[in-house]
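From a predicted model like this one, the values you see are computed outputs, not experimental measurements. Letters go in sequence order (proteins before strands), and every chain restarts at 1.
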Amino acid sequence: MMRLSHAAWPWILAAAAFGLGLLSVCIGPARLSPAELFLGDEVARTILWELRLPRTALGLVAGAVLGLAGAAMQGATRNPLADPGLLGVASGSAFGAVVVFYFGLAGIAPASLPLGGFAGAAAAALALHLLCGRRAGVPTLLLAGVALQAVFGALTALAINLSPNPFAVTEITFWLLGSVADRTWEQVGLAVPPALAGALILSSLGRPLRALTLGEDTATTLGVDLDRMRWRLLIGTALSVGAVVSVAGSIGFVGLIVPHLLRRAAGHDPGKLLLLSLFGGAALLCAADIAVRLLPVQPELKLGVITAILGAPFFAVVLVRERRQLA
Amino acid sequence: MRWLTMSLLALPLLAAEPPQRVVSLNLLTDQYVVEFSDPGQVLAVSWLAADPRWSAVADRARTYRLVHGTAEEIVLLRPDLVLAGRYTTPAATAAARRLGLRVVEFDLAEDFETIAAQMKEVGELLGSGAFLRAQAAAARLGHRLDALRRRRVVPRRVLSFGPSGWVDGAGTLADAVIRAAGHGNAAAEAGLTGLQPSTLEQLLVLRPDVVLVPVADASFPSLAEMVLAHPAWRRLCGESRIVSVPGAALTAGSEATVTAAEVLQHALDP
């Protein structure tokens, strides 16, 4: 692993994401062989173009955004347990999107859906910042995250219960655990522009994050404006996470697992880790989405189930390692 | 001979003092109780019965006390007969049993024979007047089914798509409705039984001629309803007819269930 040149990693991960994307297109409940799928009749064509491709595209984009946001949050808080899911930002987005969706606003103005996700994510991120202040330790940040996740999860349940559609209650799992099944190009189109804008903001954090590894004071003397960096992190995360959660629900742990797996490949450089986590997140979420379709479970599992089962051991490992360092 | 045994068996039931404090805890029995009981005989029905989205007797049910199926309500009301669903309110039924109350549980009816049988069973439990009314209702049900059977229809493949995104396979009330209307259940033909979760890909492969959807008062956004607005669905099945039937027809068996079959048959072959 270490013998590979650092420059090769982004290409390897991008290729993995692309390959998994291709595989993902070939898998689904309508058991069609690749030949039938690509050369078949109108049914096969529709399944390919209107169901499998938007699903795969959204899975790749959501994974990329969550991986990137996780890497940026971990770098900025210098805390390996930061993740948009664990810290409540994704739950905030889900709450914003649920309010907009179930009370009919999204039907009138579709763009209000990612906007709701953005508002919820921004509120959660701002609350996190206010609760933890500037130099939050690992326990403070995690406790605040637990609190926010609980509050926004409860508010999401409340909003769905109060919504005019009595059957909405059964759909809460989508918002709490996430899924990219049966999504449309329209939804992909709604999510991609803000996700891209947020991702660009987050990708530009490489230099300040690198400087921050030397400590806050050194970073400041190197000319890094820490407040500005925090605002960029907040807006970039809220835009990108809010956008994907508003159409795919909140999917946890991607932002925790991916940077953790790739930190050595990035040579412990939080700047390089950003791009690697973007591709790595896309590949991981795509793989999770392939898994939910291959597992013989009906109704299909939500993505968050897979990512949490994968992510929990990582969480434990990081926690134990942190504890050793603190002791 | 069989007739004689049946009458003799029914005799003690009909002769016994009819219950005067009846509580129904399930929409299924609510609808029968509201239809057949004598005035003043029923203490309470479930809150679901008063909601027109799934109850065929919502207007009349509103005049009763409504319960939410908790054990506490049963203890307070002290009924002399509790009618309940087999699985829906276990705590309340257990409490009623502990108090030594008479509890009769019913399974959700999934075909018209069971609906008719349950009507008569509830009528019998409520007393002689109720039994006559229940018998008349069961007979009406039979006549209406006969009328449906007599009409000639072009058989179509119908898919029943529920509001939570599930489809009705064989052995469901919707399946009975589709068959009573003279059509075929596309989900049952594909081997599905009971209520089944569905994905859009599976629905596209089924390609039904007609989609049967229960309709509530008004439509509000839900992820499940977005399925029928999905571009993939519109492209392949945009031609398929959508027939909406009253929501109350498919939630629990009643005379309204046969209305759904009539609506379906008349919509397709006017």
Next on the checklist: For chain B, which candidate among A/G28, A/G107, A/A168 shows the most heavy-atom pairs at distances under 4.5 Å?
Outcome noted: A/G28

Item to check | SB check A/E42 B/R235 (cutoff 4.0 Å) | outcome: no

Item to check | Neighbour count >12 (heavy atoms, 6.0 Å) for atom CD, B/E72 | outcome: no

Checklist entry - Can you tell me if OH on B/Y87 sees more than 12 non-hydrogen neighbours from other groups inside 6.0 Å? => result no

Item to check | With B/L200, the side chain to side chain contact (heavy atoms under 4.5 Å, CB included) member among A/D182, A/I47, A/T184 | outcome: A/D182

Checklist entry - Is it the case that more than 12 heavy atoms not belonging to A/F103 sit under 6.0 Å from its CZ atom? => result yes

Item to check | Choice from B/L223, B/T199, B/L236 maximising heavy atom contacts with chain A below 4.5 Å | outcome: B/L223

Checklist outcome for this item: Ranked by heavy-atom pairs below 4.5 Å to chain B, first place among A/R52, A/E300, A/Q187 goes to A/R52

Item to check | A/A30 backbone acceptor or donor facing B/E201 side chain under 3.5 Å | outcome: yes

Next on the checklist: Which atoms of A/R183 are under 4.5 Å from chain B, going by heavy atoms: the side chain, the backbone, both sets, or neither?
Outcome noted: both

Checklist entry - How far apart are the closest heavy atoms of A/E50 and B/A232, and which atoms are they? => result CB-CB, 3.5 Å

Next on the checklist: Given heavy-atom pairs under 4.5 angstrom as the criterion, report whether the side chain, backbone, both or neither of B/W233 touches chain A.
Outcome noted: neither

Next on the checklist: Between A/F174 and chain B, with a heavy-atom cut-off of 4.5 Å, which part of the residue counts as in contact: side chain, backbone, both or neither?
Outcome noted: side chain

Item to check | Sorted by number, residues from residues 204-213 of chain B in contact with chain A (heavy atoms, under 4.5 Å) | outcome: B/L204, B/V205, B/R207

Checklist entry - If you count the non-hydrogen atoms of other residues, nucleotides and ligands that lie under 6.0 Å from CD in A/Q298, is the total more than 12? => result yes

Item to check | Choice from A/T170, A/L32, A/L51, A/V169 maximising heavy atom contacts with chain B below 4.5 Å | outcome: A/L51

Next on the checklist: Within the supplied structure, the quantity of interest is the number of heavy atoms (other residues, nucleotides, ligands) at a distance under 6.0 Å from B/R62 CZ; does it exceed 12?
Outcome noted: yes

